[in-house]
Participant: 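Below: one structure in structure tokens.
Nothing fancy with the numbering, it's 1 onward along the sequence.
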Amino acid sequence: MGFKDRALRLVVVLGLTAVLAACGSKVVNRAPIEERTPVAVGQAGVAVAPATAQPPGFENAGKAGYYTVKPGDTMTRIGLETGQSWRDIARWNGLVNPNLIEVGQVLRVVPPAPGTVAAAVPPATVIVGSKPAPAPASSSSAAAATATPVQGSSVTTTAVAPSSVIATPVPPAQGGSAAAPAEDDVALIWPASGAVLAGFDEVKNKGLDIGGALGDPVLAAADGRVVYVGSGLRGYGNLIILKHNNTYLTAYAHNQTLLVKEDQTVRKGQKIAEMGNSDSDRTKLHFEVRRQGKPVDPVKYLPAR
């Protein structure tokens with residue numbers, strides 16, 4: 001075979017190889033894959049957008065006896081603002097974990113009807129407030145988690161101050177609830193003996209600031225039950241809240257040492273704390289009286305000195 005014949009055969013082979021390669025690499029155009037979110041169809045055949053998840057209890061928003069959680073709220077603050085124990089609120093709402101509440105969540109803040117059992121509410125995914133309330137536990141374990149260790153083996157008591165006054169119910173504001181019944185009146189005494197440093201101001205100072213020295217006794221202003229002991233409420237330092245009845249709470253802030261535990265019953269004049277300067281620029285007792293959660297001027301409820 002001559003040189004020309006070999007060259008011609010080589011050209012033919014190369015040509016066939018190119019044709020076969022082109023056929024094997026042919027691109028097949030396919031329709032693009034598109035993922036579609038299922039859309040519900042209404043009765044009239046009209047597409048309906050998926051429902052937006054609502055916070056727990058939203059159907060009760062605005063109703064009497066319910067509270068809508070705001071940014072910065074904690075269970076402790078809600079209890080103080082509504083005149084209830086945070087533990088009671090958690091129980092009435094069936095909260096699995098009171099540490100986790102959600103902005104916009106609506107909570108029952110009055111006792112439910114007898115025989116009503118609240119359904120358990122799963123924990124929300126948003127923690128509201130920088131210092132949430134402690135999770136539910138037995139009285140002893142909860143107290144150990146929130147209270148400053150008690151000095152000594154027993155709680156110190158002191159004699160009741162000689163003078164007291166029956167708290168006169170304050171007329172409710174327009175649109176408010178009815179005046180408290182007579183059985184909810186409470187006899188108060190001064191919780192500390194120092195001079196008044198700052199009086200009540202509904203906006204700037206929701207109670208009285210009473211001066212004194214580190215370690216001075218802080219007394220329960222009336223018989224009651226301890227509903228909060230701890231430092232989880234910003235601006236109050238080491239705080240004790242007493243519930244006296246369904247109408248009145250008293251609060252004792254900035255203490256150095258806390259001498260009672262949550263759920264403990266205390267008597268008027270009992271030493272419940274020692275004065276301090278926790279979360280404060282000086283040693284003092286900040287004392288509040290709350291009527292149905294609303295701060296009122298303690299001077300109107302205390303005996304003249």
Side-chain angles (χ1 to χ4, degrees), residues 76-77 79-85 109-110 157-212 216-229 233 235-255 258-260 264-273 275 280 284-305:
T76 304
R77 182 171 292 280
L80 185 63
E81 296 293 334
T82 60
Q84 303 289 0
S85 163
V109 292
V110 295
T157 60
T158 60
V160 178
S163 59
S164 63
V165 64
I166 299 296
T168 303
V170 178
Q174 185 175 1
S177 58
E183 60 267 23
D184 273 357
D185 289 349
V186 60
L188 300 180
I189 63 170
W190 284 83
S193 59
V196 175
L197 303 176
F200 175 81
D201 183 291
E202 195 168 349
V203 176
K204 298 179 180 179
N205 191 33
K206 297 181 179 181
L208 295 179
D209 290 343
I210 304 173
D216 279 358
V218 174
L219 312 180
D223 296 349
R225 178 170 65 96
V226 181
V227 295
Y228 181 76
V229 176
L233 199 56
Y236 285 80
N238 293 327
L239 172 68
I240 294 173
I241 302 175
L242 302 183
K243 183 171 184 176
H244 303 291
N245 49 43
N246 291 329
T247 302
Y248 290 101
L249 293 178
T250 53
Y252 311 75
H254 305 307
N255 300 291
L258 307 176
L259 303 176
V260 292
Q264 179 179 334
T265 299
V266 298
R267 306 298 295 177
K268 181 197 299 182
Q270 178 176 329
K271 182 179 177 180
I272 59 175
M275 192 178 295
S280 173
K284 65 182 178 180
L285 170 67
H286 176 75
F287 175 66
E288 293 185 7
V289 177
R290 298 242 174 181
R291 183 182 184 276
Q292 296 177 341
K294 180 181 178 180
V296 291
D297 188 352
V299 169
K300 296 180 180 180
Y301 294 79
L302 294 167
R305 283 179 162 179

Participant: Has Trp190 got a side-chain atom pairing as donor or acceptor with Leu302's backbone, closer than 3.5 angstrom?
Facilitator: no

Participant: At what distance, to the nearest 0.5 angstrom, does CZ of Arg225 lie from OG of Ser85?
Facilitator: 5.0 Å

Participant: Using the side-chain contact (heavy atoms from CB on, under 4.5 Å) definition, which of the options Leu219, Val218, Asp209, Leu208 pairs with Leu285?
Facilitator: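 Testing Leu285 for a side-chain contact (heavy atoms from CB on, under 4.5 Å) against Leu219, Val218, Asp209, Leu208 leaves exactly one candidate, Val218.
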
Participant: If you round to the nearest 0.5 Å, how far is CG of Leu249 from CD of Gln292?
Facilitator: 10.5 Å

Participant: Got a sec, which residues hit side chain to side chain donor-acceptor pair (under 3.5 Å) with Thr82, two or more places apart in sequence or on another chain?
Facilitator: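 Not a single residue meets the side chain to side chain donor-acceptor pair (under 3.5 Å) criterion with Thr82.
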
Participant: Side chains of Val260 and Gln270: closer than 4.5 Å at any heavy-atom pair?
Facilitator: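 Yes, at least one pair of side-chain atoms sits under 4.5 Å.
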
Participant: Would Arg291 and Tyr248 count as a side chain to side chain contact (heavy atoms under 4.5 Å, CB included) here? Give the steps.
Facilitator: CA-CA 5 Å; Arg291 183 182 184 276; Tyr248 290 101; 3.9 Å; yes

Participant: Just say parallel, tilted or perpendicular for the rings of Phe287 and Tyr252, cut-offs at 30° and 60°.
Facilitator: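 Rings of Phe287 and Tyr252: tilted, as their planes differ by 30° to 60°.
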
Participant: Can you measure from CD (Glu288) to CG (Leu80) and round to the nearest 0.5 angstrom?
Facilitator: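 Going from CD on Glu288 over to CG on Leu80, the span is 6.0 Å.
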
Participant: Over all heavy atoms of both residues, which pair between Ala187 and Ala222 is shortest? Give the atoms and the distance, please.
Facilitator: O-CB, 3.2 Å

Participant: Measuring from Leu258:CG to Asn238:CG, what's the distance to the nearest 0.5 Å?
Facilitator: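 With rounding to 0.5 Å, CG (Leu258) is 4.5 Å from CG (Asn238).
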
Participant: Taking all heavy atoms of Val296 and all of Tyr301, pick out the closest pair and write down the distance.
Facilitator: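 The answer is CG2-CE1, 3.5 Å.
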
Participant: Run the side-chain donor-acceptor check on residues 192-202: report pairs under 3.5 Å with partners two or more places apart or on a different chain.
Facilitator:
residue : atom : partner : partner atom : Å
Asp201  : OD1  : Val203  : N            : 2.9
Asp201  : OD1  : Lys204  : N            : 2.8

Participant: What's the separation between atom NE2 in His254 and atom CE in Met275, rounded to the nearest 0.5 Å?
Facilitator: 11.0 Å

Participant: Excluding sequence neighbours, so at least two apart, what forms side chain to side chain donor-acceptor pair (under 3.5 Å) with His244?
Facilitator: Thr250

Participant: Is there a donor-acceptor pair closer than 3.5 Å between any side-chain N or O of Gln264 and the backbone N or O of Val226?
Facilitator: no

Participant: From Asn205 CG over to Asp297 CG, what is the distance, rounded to the nearest 0.5 angstrom?
Facilitator: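 Here the rounded value is 10.0 Å.
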
Participant: Restricting to non-hydrogen atoms, name the atom on Arg290 and the atom on Lys206 that form the minimum distance, rounded to 0.1 Å.
Facilitator: NH2-CD, 3.9 Å

Participant: Of the non-hydrogen atoms in Lys268 and Ala221, which two are nearest, and what is the gap between them?
Facilitator: CG-O, 3.7 Å

